[in-house]
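In what follows, a single structure is set out as structure tokens and then discussed.
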There are 2 protein chains.
Amino acid sequence: MSEVTSRPTLEAVAARAGVSRATVSRVVNGGEGVREPLVERVRRAVEELGYVPNQAARSLVTRRHDAVAVVIAEPETRVFADPFFALQLRGIGKELTAHDSQLVLLLTEGRDDHVRVGRYLAGGHVDGALVFSLHLDDPLPGLIHGAGVPTVFGGRPGWGDGVPDVVYVDSDNRGGARDAVRHLVGLGRTRIGHITGPLDQTSAVDRFQGFRDVMVDAGPRMVVEGDFTPAGGESAMRELLDRCPDLDAVFAANDLSASGALRALRERGRRVPDDVAVVGFDDMLPVAEQTDPPLTTIRQDIEEMGRLMARLLLGGLEPRGAGREATSAPSSVVLPTTLVRRASA
Amino acid sequence: MSEVTSRPTLEAVAARAGVSRATVSRVVNGGEGVREPLVERVRRAVEELGYVPNQAARSLVTRRHDAVAVVIAEPETRVFADPFFALQLRGIGKELTAHDSQLVLLLTEGRDDHVRVGRYLAGGHVDGALVFSLHLDDPLPGLIHGAGVPTVFGGRPGWGDGVPDVVYVDSDNRGGARDAVRHLVGLGRTRIGHITGPLDQTSAVDRFQGFRDVMVDAGPRMVVEGDFTPAGGESAMRELLDRCPDLDAVFAANDLSASGALRALRERGRRVPDDVAVVGFDDMLPVAEQTDPPLTTIRQDIEEMGRLMARLLLGGLEPRGAGREATSAPSSVVLPTTLVRRASA
DNA sequence: GCGTCACTTGAGAGCGCTCTCTGGAGTCTT
DNA sequence: AAGACTCCAGAGAGCGCTCTCAAGTGACGC
């Protein structure tokens with residue numbers, strides 16, 4: 001039974017330092033209310049034994065886990081083909097680390113996974129959840145919201161616009177889109193088309209909305225639904241050119257479809273930006289910088305979004321830092337976007 | 001004190017089913033050795049109460065956590081600009097899910113994080129670790145390996161070639177590079193240059209090695225060190241052209257640098273593939289398919305790498321499925337690569 | 001018909017930790 | 001200098017679960 005070297009326990013540290021378990025616990029958790037010489041002795045014992053608290057035992061009594069679930073509900077591989085989540089995870093990771101919390105990643109695809117994730121969250125294994133779901137009809141966010149776990153959403157969830165306690169962090173998709181289109185207008189363009197994203201995603205809907213805000217009387221002829229992919233952008237662009245050969249600008253809902261649009265324009269002999277100006281969205285670097293010409297686009301601070309999500313969640317979690325103002329329920333945040341001007345418009 | 005509805009415990013289920021805690025526990029953990037009618041009664045009670053086992057309590061006694069840490073040690077943002085990790089995570093996630101394990105993501109940058117991660121792993125919060133580290137001089141893998149946690153590495157770690165119990169999963173970088181260069185040779189090219197990756201990464205070293213395997217007498221003139229970025233590829237390409245103006249092919253160590261190389265070639269008026277054929281590595285889709293011309297490259301099955309890493313780790317973990325052959329220590333796996341032919345070579 | 005044995009079930013200890021409660025010093029007040 | 005008070009440290013009760021061990025129940029063989 002004497003396995004490998006088993007981990008030292010609080011008991012062991014206490015024995016070595018010649019104090020009680022309770023005292024060691026106090027020191028390990030901040031050392032409040034323990035006199036200096038003892039603190040020192042305990043610290044040394046911890047050091048010498050290489051003591052690390054057993055999180056399981058701790059959670060058992062505190063009911064806190066210092067862990068947050070990140071749920072990425074994405075049936076499509078597409079999303080994994082862009083650095084979006086990686087950046088967001090990085091932001092989340094940084095913030096959680098700063099709060100000594102762990103990041104439990106739950107990747108889902110398909111219905112079965114919903115059940116699994118629902119169980120997991122409802123099982124109280126984590127202190128809260130950060131949920132990414134891009135589709136309007138995704139049942140997952142609702143499920144999670146119903147599970148009673150503190151949650152912050154990444155991107156505006158399609159439902160729950162009215163639901164009071166839904167908290168999310170999103171880019172200003174609508175405002176960014178307006179900026180993009182206004183930029184084209186400022187360039188003197190008047191026949192401006194729009195390649196949307198899949199309209200079952202709020203980001204695509206919001207960007208479309210922004211387009212409309214500026215182009216109030218653009219007819220439906222000037223809008224083609226794309227799917228956020230280069231191929232989709234390419235065929236959408238062809239369609240737009242067929243419908244409106246004298247089109248002089250295009251706002252594509254993301255960089256990937258913009259890159260496809262560029263290809264279609266080249267194929268049809270249109271010069272960019274001379275004949276047709278193009279603006280994308282995302283500022284997805286490996287794409288936006290590599291296209292020919294490089295893409296003018298709308299940048300969003302993705303890492304910051306992640307960081308903010310974590311901050312919101314953790315902030316809402318701790319009534320520990322009590323005495324503060326009545327920690328009002330956190331509310332959603334919409335981050336600003338900026339236009340990045342390159343050669344395409 | 002009567003908080004919200006507190007979670008039902010084993011005790012509660014036992015009471016409701018009219019059996020002992022032990023019996024409920026047995027049923028919940030598979031139901032071996034419990035008579036059918038009782039199993040049924042317990043199942044119903046679990047269902048009715050919505051009982052979910054408390055993982056913390058369970059871990060406390062079993063010393064298992066059903067959780068695996070994924071450590072991504074990457075100081076550079078570059079890596080986050082490609083879908084590499086996302087895909088690998090996906091593979092890992094799938095495999096872990098199939099084993100009812102959770103994925104705890106640890107993102108590190110800088111020395112401080114090493115300490116933190118080391119503590120965490122040594123703290124026995126997880127059953128094992130999957131570690132990605134691309135740099136030869138990274139101390140982290142050594143630390144982790146020293147921490148005594150079962151570990152599988154993603155990519156061949158730079159040290160420890162001789163260390164017997166280091167297990168890793170890698171692509172056949174060297175073989176893939178050979179294929180790439182042989183393809184160029186097969187095309188009748190003879191003056192073939194190589195843009196390497198940063199040579200402090202094993203993948204770059206191995207690819208370079210593969211290049212040399214085929215071009216045994218290529219002089220050092222034909223090799224320029226790049227850094228896996230488009231900009232690096234671009235300047236490396238210029239350098240190559242300066243040194244060897246009649247060069248007729250280039251093998252770039254990854255797609256990103258290949259895309260930079262294409263740009264330099266275009267700028268110098270070389271036609272691809274007519275004047276200079278180009279092969280990349282990675283088959284990073286948003287890049288490889290978008291370049292002009294689309295890139296011939298070496299594909300690796302990244303998701304499969306992830307899946308395999310998880311499988312190796314979990315396989316080495318469970319002596320539960322005892323009675324099997326003496327679960328020999330898992331050994332490293334090198335996955336094959338394939339040449340994807342597009343227009344650039 | 002009685003001992004033996006396989007098979008179920010329950011009782012209870014204990015995983016490592018936190019946290020309340022209590023007692024013992026020391027400090028301050030008057 | 002005595003009582004009131006503050007502060008610090010230890011004792012001990014669990015948190016919810018697993019798992020060993022003992023007890024109970026029949027089935028079976030001789």
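The analysis underlying the following values was restricted to heavy atoms, covering all of them including side chains, and did not include hydrogens, waters or symmetry mates. Letters go in sequence order (proteins before strands), and every chain restarts at 1.
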Could you tell me how far apart Arg41(A) (CZ) and dA9(D) (C1') are, to the nearest whole angstrom? 11 Å
Rounded interatomic separation in angstrom, taking NE2 from His65(A) and P from dC15(D): 16 Å
Say whether, by atom type as modelled, one donor and one acceptor occur between the side chain of [X] and the main chain of [Y] under 3.5 angstrom.
X	Y	result
Thr23(B)	Arg21(B)	no
Thr151(A)	Val149(A)	yes
Ser332(A)	Tyr168(A)	yes
Ser59(B)	Ala56(A)	no
Asp127(A)	His65(A)	yes

Apply side-chain contact (heavy atoms from CB on, under 4.5 Å) to the pair Asp100(B) and Asp66(B), showing each step before the final yes or no. CA-CA 7 Å; Asp100(B) 275 317; Asp66(B) 293 320; 5.7 Å; no
For every nucleotide of nucleotides 16-28 of chain C, 5' to 3': is a protein heavy atom under 4.0 Å from its base (B), only from its sugar-phosphate (S), or from neither (-)? BBBB---------
Which pairs with one or both residues in residues 32-43 of chain B pass salt bridge (charged side-chain N to carboxylate O under 4.0 Å, His left out), sequence neighbours excluded? none
So if I take the C1' atoms of five pairs at each end of the helix from dG1(C)-dC30(D) to dT30(C)-dA1(D) and get each local axis, what angle do the two axes make, rounded to 10 degrees? 40°
Kindly say whether the aromatic ring centers of Phe153(A) and Phe132(A) come within a distance under 6.0 Å. no
Does dG10(C) have OP1 or OP2 under 4.0 Å away from a side-chain N or O of Thr23(B)? yes
